[in-house]
There are 2 protein chains.
Amino acid sequence: MTNSILLLIQLTRNAYRRASEDVLGMKVKAYMLLQNLREGAMPQAELPGCMHLDANNTVLLLNDLESKGFVERRRDPADRRRHIVAITEAGTKALARADRVMASLEAEVFASLSPEEQATFRDLLARAVAAEPAAV
Amino acid sequence: MTNSILLLIQLTRNAYRRASEDVLGMKVKAYMLLQNLREGAMPQAELPGCMHLDANNTVLLLNDLESKGFVERRRDPADRRRHIVAITEAGTKALARADRVMASLEAEVFASLSPEEQATFRDLLARAVAAEPAAV
DNA sequence: TATTGTTATACTCTATAACTATA
DNA sequence: TATAGTTATAGAGTATAACAATA
């Protein structure tokens with residue numbers, strides 16, 4: 001049989017396609033970024049580290065999110081080079097909506113597994129991810 | 001905790017990065033395509049269906065593989081519009097080498113799981129993939 | 001001079017549509 | 001006219017490097 005990595009790639013492509021911007025209300029990466037802001041604002045410079053994005057990409061993603069009104073960038077008064085990035089109320093709502101969409105996509109993608117199997121899968125997956133260096 | 005799809009995306013990105021053209025000897029997609037030819041030649045027109053590629057992309061991939069001498073395209077004498085695509089001896093060798101590389105990447109990516117857990121994970125993953133429509 | 005954020009650029013991927021040759 | 005394959009083209013996505021403002 002084909003190896004796990006190929007299977008992983010296949011399943012992920014499928015999942016990724018389902019999570020289109022139309023259905024999710026934002027790009028998957030934007031969703032990932034917003035998750036980092038859920039607990040509170042953070043300096044823009046820290047976002048790339050969380051997500052394994054480069055600084056450039058972060059700027060482009062933030063431009064997109066800001067144009068939708070989902071985040072705000074504010075100058076840090078203590079160091080005027082820095083931006084503090086915060087999620088807005090609209091962003092919080094969009095994030096909650098995207099959470100629900102992602103949960104239903106998850107149910108679809110893993111429909112062929114029993115709830116116990118899904119839990120097992122998720123647990124093993126989480127452990128494999130935790131052992132890896134961060135990536136988007 | 002974050003949902004399974006996000007975890008899936010993270011792990012896959014990581015795995016995908018490791019499987020660079022340098023280390024694998026070919027692109028991941030080329031590897032997937034060659035796997036379809038392992039058992040024997042097939043008409044070019046059937047490859048997109050196997051891999052969820054469009055016809056255009058298939059041509060580009062085959063150009064790449066042919067320039068490396070890994071596949072051959074032969075006109076079908078019965079219908080001169082058609083190409084029969086076959087793996088060459090060099091392609092078979094490159095495929096075997098890539099198989100070994102993929103196996104070792106798999107071991108790395110899932111190093112934090114026990115062999116039994118890896119087997120469980122692969123089994124669940126294979127079932128989730130099998131239930132989905134085909135994708136590259 | 002170093003750092004934060006931005007812009008510019010280029011390179012790869014992917015998707016669409018037009019074209020050639022065979023049927 | 002329809003089909004198999006190809007080529008051309010444009011649009012994302014991603015990565016690199018140059019640039020401006022501030023420290």
Side-chain angles (χ1 to χ4, degrees), chain A residues 9-10 12-22 24 26-33 36-37 41-67 71-86 134-136, chain B residues 9-10 12-22 24 26-33 36-37 41-67 71-86 134-136:
Chain A
I9 292 172
Q10 282 185 247
T12 301
R13 294 236 171 163
N14 243 307
Y16 210 91
R17 267 180 210 174
R18 289 173 192 255
S20 69
E21 190 165 358
D22 277 357
L24 196 61
M26 65 186 77
K27 295 185 169 87
V28 172
K29 285 203 179 161
Y31 176 64
M32 289 174 164
L33 192 154
N36 287 299
L37 301 177
M42 61 168 42
Q44 180 167 330
E46 285 179 23
L47 284 168
C50 294
M51 300 184 57
H52 205 93
L53 279 178
D54 58 22
N56 163 48
N57 239 315
T58 305
V59 170
L60 299 177
L61 248 188
L62 287 176
N63 290 348
D64 188 34
L65 281 167
E66 203 171 43
S67 76
V71 302
E72 271 179 5
R73 277 182 276 206
R74 312 186 200 110
R75 286 278 168 200
D76 181 349
D79 180 345
R80 295 192 32 77
R81 289 174 306 184
R82 294 171 145 257
H83 275 154
I84 307 297
V85 182
V136 171
Chain B
I9 292 172
Q10 282 185 247
T12 301
R13 295 234 173 167
N14 242 307
Y16 209 91
R17 266 178 212 177
R18 289 173 191 255
S20 70
E21 189 165 0
D22 278 357
L24 196 61
M26 66 186 77
K27 295 187 169 84
V28 172
K29 285 202 180 161
Y31 176 64
M32 288 174 164
L33 193 154
N36 288 298
L37 300 177
M42 61 167 43
Q44 180 168 331
E46 285 178 24
L47 284 169
C50 293
M51 300 183 57
H52 206 93
L53 280 178
D54 58 22
N56 162 48
N57 239 315
T58 305
V59 170
L60 299 177
L61 249 188
L62 287 176
N63 290 348
D64 188 33
L65 282 167
E66 203 170 42
S67 76
V71 301
E72 272 179 4
R73 277 182 276 204
R74 311 186 200 111
R75 286 278 168 200
D76 180 349
D79 180 344
R80 295 191 34 75
R81 289 173 305 184
R82 294 171 146 260
H83 276 154
I84 308 296
V85 183
V136 172

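Nothing here was measured: the structure is a model prediction, and the numbers come from that model. Below, chain A is the first sequence line, B the second, and so on; all start at residue 1.
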ask   = Across the strands shown, which category fits A/Asp54 at heavy-atom distances under 4.0 angstrom: base, sugar-phosphate, nothing?
value =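 The answer is base, as A/Asp54 lies within the cut-off (heavy atoms under 4.0 Å) of a base atom.
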ask   = So what does B/Asp79 touch, heavy atoms closer than 4.0 Å: a base, only the sugar-phosphate, or nothing?
value =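 Sugar-phosphate contact only.
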Please report the distance, rounded to the nearest Å, between [atom1] in [X] and [atom2] in [N].
{"X": "A/Leu65", "N": "C/dG5", "atom1": "CG", "atom2": "C1'", "result": "16 Å"}
{"X": "B/Leu60", "N": "D/dA4", "atom1": "CG", "atom2": "P", "result": "18 Å"}
{"X": "A/Met42", "N": "C/dT4", "atom1": "CE", "atom2": "P", "result": "15 Å"}
{"X": "A/Arg74", "N": "C/dT4", "atom1": "CZ", "atom2": "C1'", "result": "18 Å"}
{"X": "A/Arg17", "N": "C/dC13", "atom1": "CZ", "atom2": "P", "result": "15 Å"}
{"X": "B/Gln44", "N": "C/dT20", "atom1": "CD", "atom2": "P", "result": "19 Å"}
{"X": "A/Leu61", "N": "C/dT6", "atom1": "CG", "atom2": "P", "result": "12 Å"}
{"X": "A/Asn57", "N": "D/dA17", "atom1": "CG", "atom2": "C1'", "result": "15 Å"}

key: hbond_proxy A/Asn63 side chain to C/dT6 base (donor-acceptor, 3.5 Å cutoff)   =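 There is none.
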inquiry  = Between the base of C/dT14 and the side chain of B/Asn56, is one N or O donor paired with an acceptor at under 3.5 angstrom?
reply    =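 Per atom types, no contact qualifies.
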ask   = Is any side-chain heavy atom of B/Ile9 closer than 4.5 Å to a side-chain heavy atom of A/Met32?
value =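 Answer yes - side chains close enough.
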Residue-phosphate contact under 4.0 Å: [X] side-chain N/O, [N] OP1/OP2:
{"X": "B/Arg75", "N": "C/dT22", "result": "no"}
{"X": "A/Arg81", "N": "C/dT6", "result": "no"}
{"X": "B/Lys29", "N": "C/dT14", "result": "yes"}
{"X": "A/Arg13", "N": "C/dT14", "result": "yes"}

Nearest-nucleotide pick for A/Arg80, side chain only, options being D/dT6, D/dA23, D/dT14 =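 Within the option list, the nearest is D/dA23.
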Working to the nearest 0.5 angstrom, can you tell me the gap between [X] [atom1] and [Y] [atom2]?
{"X": "B/Glu46", "Y": "B/Arg82", "atom1": "CD", "atom2": "CZ", "result": "7.0 Å"}
{"X": "A/Met51", "Y": "B/Gln10", "atom1": "CE", "atom2": "CD", "result": "8.5 Å"}
{"X": "B/Met26", "Y": "B/Asp64", "atom1": "CE", "atom2": "CG", "result": "10.0 Å"}

inquiry  = Reading DNA chain C from 5' onward, which residue's closest nucleotide shows up sooner: A/His83 or B/Tyr16?
reply    =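 Nearer the 5' end of the strand: A/His83.
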task = Among B/Leu37, B/Leu60, B/Leu33, find the one that has a side-chain contact (heavy atoms from CB on, under 4.5 Å) with B/Leu65.
result =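 It is B/Leu33; the other options fail the test.
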